[in-house]
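Here's the structure, in structure tokens; my notes come after.
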Number of protein chains: 2
Amino acid sequence: MSGVNIKQLAEALKLAPSTVSRALNDSYEISEKTKKRVLAMAEKMSYRPNPFARSLREHRSKTIAMIIPALVNNFFSQVIEGVEEIVQEYGYHLLVYNTHESCQKEREIVSHLLNGRVDGIMMSLSHQTSYYEHIQKIYDQGIPLIFFDRVCRHIPTTKFITNDYESGFKATEHLIEQGCKRIAFLLLSNEISIGKQRLRGYKDSLGFHGLEVEEKLILKCGSTDSENADAIRQLLNAPDRPQGILSSVEKLAISTYYISRDLCLGIPEDIKLASFSNLKIADLLNPGLTTIAQPALEIGQEAAKLLMTKLTKKNTPDFADQTITIPSVLEVRGSSGGISS
Amino acid sequence: MSGVNIKQLAEALKLAPSTVSRALNDSYEISEKTKKRVLAMAEKMSYRPNPFARSLREHRSKTIAMIIPALVNNFFSQVIEGVEEIVQEYGYHLLVYNTHESCQKEREIVSHLLNGRVDGIMMSLSHQTSYYEHIQKIYDQGIPLIFFDRVCRHIPTTKFITNDYESGFKATEHLIEQGCKRIAFLLLSNEISIGKQRLRGYKDSLGFHGLEVEEKLILKCGSTDSENADAIRQLLNAPDRPQGILSSVEKLAISTYYISRDLCLGIPEDIKLASFSNLKIADLLNPGLTTIAQPALEIGQEAAKLLMTKLTKKNTPDFADQTITIPSVLEVRGSSGGISS
DNA sequence: TTGTAGGCGTTATCAG
DNA sequence: CTGATAACGCCTACAA
């Protein structure tokens, strides 16, 4: 449409396209004088190199993709913020895809990215994902791949998570210290690695403090919000209601607030609550929500830095099959009875 | 690296590349038999067309960009969600850029998109943006451009907003009805179109109800969070503290919660508060926050639908110079004294 | 119905 | 230091 191409630019300068190209790319074999002339004219004619021609030639797109299970989510939006920031510094572009927690969508999205469109992928699995052929394909094609939060253990690459086990342990311990003997655990899905770790921490903590693990207190949520709400309602309505709840994701904790309000149950008097959550205004809730806050921004930044280094520095080794842990922080607030709020 | 190209595919089939290309694109001039054969082989060899070669040929990228001032933000993340959903339906890709409210960054980002990388742009201006040459360039290049929320009046294209004036008017009226005689208005920046409209609604509402507009009650925030907090603190600490506050953005309302807690001022007893906000859990705050909630998801969806239609249907007219208004909803909660919470 | 050839805009290789 | 040429992978006239 509007654009000037390198040929026209060369024509205007009475130079060959190749010379112009070299001048624009600051090649050492071009005289300073010519470079200046070319740059000036490029500016004047507002020349913009065509990214697709370049990508075609160079087999790289300067673009990466993020595949995440949800966008309207305090954790993921903070991760995106961190990633975008780093990516922008490096002059790369960021494609964002939302799987809506659907494995099917995840597969479709991945299949659109196996053609060289992106130079790298950062992803967090849908909680419905339980087989990994599509992920394996990314890896097999040699596309640099990094996981964060909801990682896939079967792929030998670098993963960024928080200390889920330890946090689950500590949060449970905290509830026990507040006097809870029976504590429920709200799990989004048992497929997800992090859910498992958090659950393991919870179980071990109970055991460590001589408390029994009751399977019926482990609520496997996941399908629809209303089904989850029903399950929580049933839990809170039961005659043998637990004294505490540890939620592995924010949205289930939020549901718990609504439901306990409905049922006229007081937090923390009747039920003490703690949750993994990145809600910034946790302390403005009534009562303030005791959270295990993940360092979402930092996870995004660190993961993106690693990817950008791999893509921009020569001879970078492939990602090690390792898990990098950035610790979460337990912030005690009113909901667990720790402090008044 | 890994990919099979159309030439190799043709070779394997003992056909010419052009024939294969046509078969893959379901051209009418290819026999059913050949088509099937080609499709089968393409599947078998897991052929993926190179998107850059295609973009280079066809002068379109099947990619659009969203440029927004913030990512960790309930409004914008909901808009992204809506946009992503529609874009994915159409098989398009979504690039996301964060200006961090900086006009300088906004300019840089735009300059990277003037080379055909994207087929269309949806944007919401940074609040620091007060001149529009870079935006004008997008328009002049003929790149389809849609604004939402923080629109640019000077560009004759379609803009999606909510009824900011009316909402400002109604929210102010609501505070007046709750007994407020003097109401402050928290403005993020006087450059932004929507801020202006909301402010105008506030002023007119005061006038309509026979109340005076006091310039010193109009707080122009914007630079840093801590400066904003100081300004609000000063407002609340003053001997002639207003009885009500209308905040034009969520984050200033959140600050107000913290500051009034610090100052031991009760909401709504000492200060009544209402805010433009897309916080989903506004009713879990203490007290619940009276909000003017924007239909963020819908704005994203509608804007994206319009853009997708323009890009995929032949002979679509250019975007009309119009403003499409999707109404916000005033939700009265405890913070304005409307109902207990 | 299928094959041939050229070009989209760049950059790298090879000459000069 | 600069110029000509080929190639990246695809699509589409045009030819057969």
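Treat the numbers as computed from the prediction; the structure is a model and nothing was measured. Naming: A, B, ... by sequence-line order, numbering from 1 per chain. Scope of the values below: all heavy atoms of this structure, side chains included, with no hydrogens, waters or symmetry mates.
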In whole angstrom, give the distance that lies between atom CG of L13(A) and atom P of dC1(D).
18 Å

Sequence neighbours excluded - salt bridge (charged side-chain N to carboxylate O under 4.0 Å, His left out) pairs with any residue from residues 73-87 of chain B:
none

Step by step, would you call N73(B) with Q78(B) a side-chain hydrogen bond (donor to acceptor under 3.5 Å, both in side chains)?
CA-CA 8 Å; N73(B) 176 301; Q78(B) 284 176 48; over 6 Å; no

Side-chain H-bond candidate by donor/acceptor type, S21(B) with S18(B), under 3.5 Å:
no

From CD of E11(B) across to P of dC10(D) the rounded distance in Å is 14 Å

DNA chain D nearest-nucleotide lookup for S18(B) and A16(A): closer to the 5′ end is A16(A)

Name the residue from T325(A), D321(A), D149(A) that meets the side-chain hydrogen bond (donor to acceptor under 3.5 Å, both in side chains) definition with K159(A).
D321(A)

How long is the line joining CZ of R57(A) and P of dT5(D), in whole Å?
16 Å

Can a side chain N or O of N25(B) be found less than 4.0 Å away from OP1 or OP2 on dC11(D)?
yes

Check this for me: does any side-chain nitrogen of one of K305(A) and E89(A) sit under 4.0 Å from a carboxylate oxygen of the other?
no

Side chain of H59(A) only, please: which of dC10(D), dG9(D), dT2(D) is the nearest?
dG9(D)

Outermost contacting nts on DNA chain C, any atom under 4.0 Å from chain B heavy atoms, listed 5' then 3', are dT1(C) to dG9(C)

Once salt bridge (charged side-chain N to carboxylate O under 4.0 Å, His left out) is applied, what residue pairs with a partner in residues 120-135 of chain B remain, sequence neighbours excluded?
R107(B)-E133(B)

Contacts under 3.5 Å, N or O only, protein and nucleotides 14-16 of chain D:
none

Against H154(B), only a single residue in Y132(B), Y131(B), Y139(B) fulfils ring pair (Phe, Tyr, Trp, His ring centres under 6.0 Å); can you say which?
Y132(B)

Per-helix bend value, the helix from dT1(C)-dA16(D) to dG16(C)-dC1(D), C1' rotation axes over five pairs per end, 10° rounding, shows 50°

Please report the C-alpha distance between T99(A) and S102(A) in whole Å, then the side-chain angles of each, then the deciding distance to 0.1 Å, and finally whether the side-chain hydrogen bond (donor to acceptor under 3.5 Å, both in side chains) criterion is met.
CA-CA 5 Å; T99(A) 65; S102(A) 149; over 6 Å; no

Do we see a donor-acceptor contact under 3.5 Å between the side chains of H93(B) and R117(A)?
yes

Taking NZ from K7(A) and P from dG3(D), how many angstroms apart are they, rounded to a whole number?
15 Å

What residues 43-56 of chain A contributes to the DNA chain C interface at heavy-atom separation below 4.0 Å is Y47(A), R48(A), P49(A), N50(A), A53(A), R54(A)

Would one find more than 12 heavy atoms of other residues, nucleotides or ligands at under 6.0 Å from atom CD of E29(B)?
yes

Between dT12(D) (P) and E58(B) (CD): distance, integer Å
6 Å

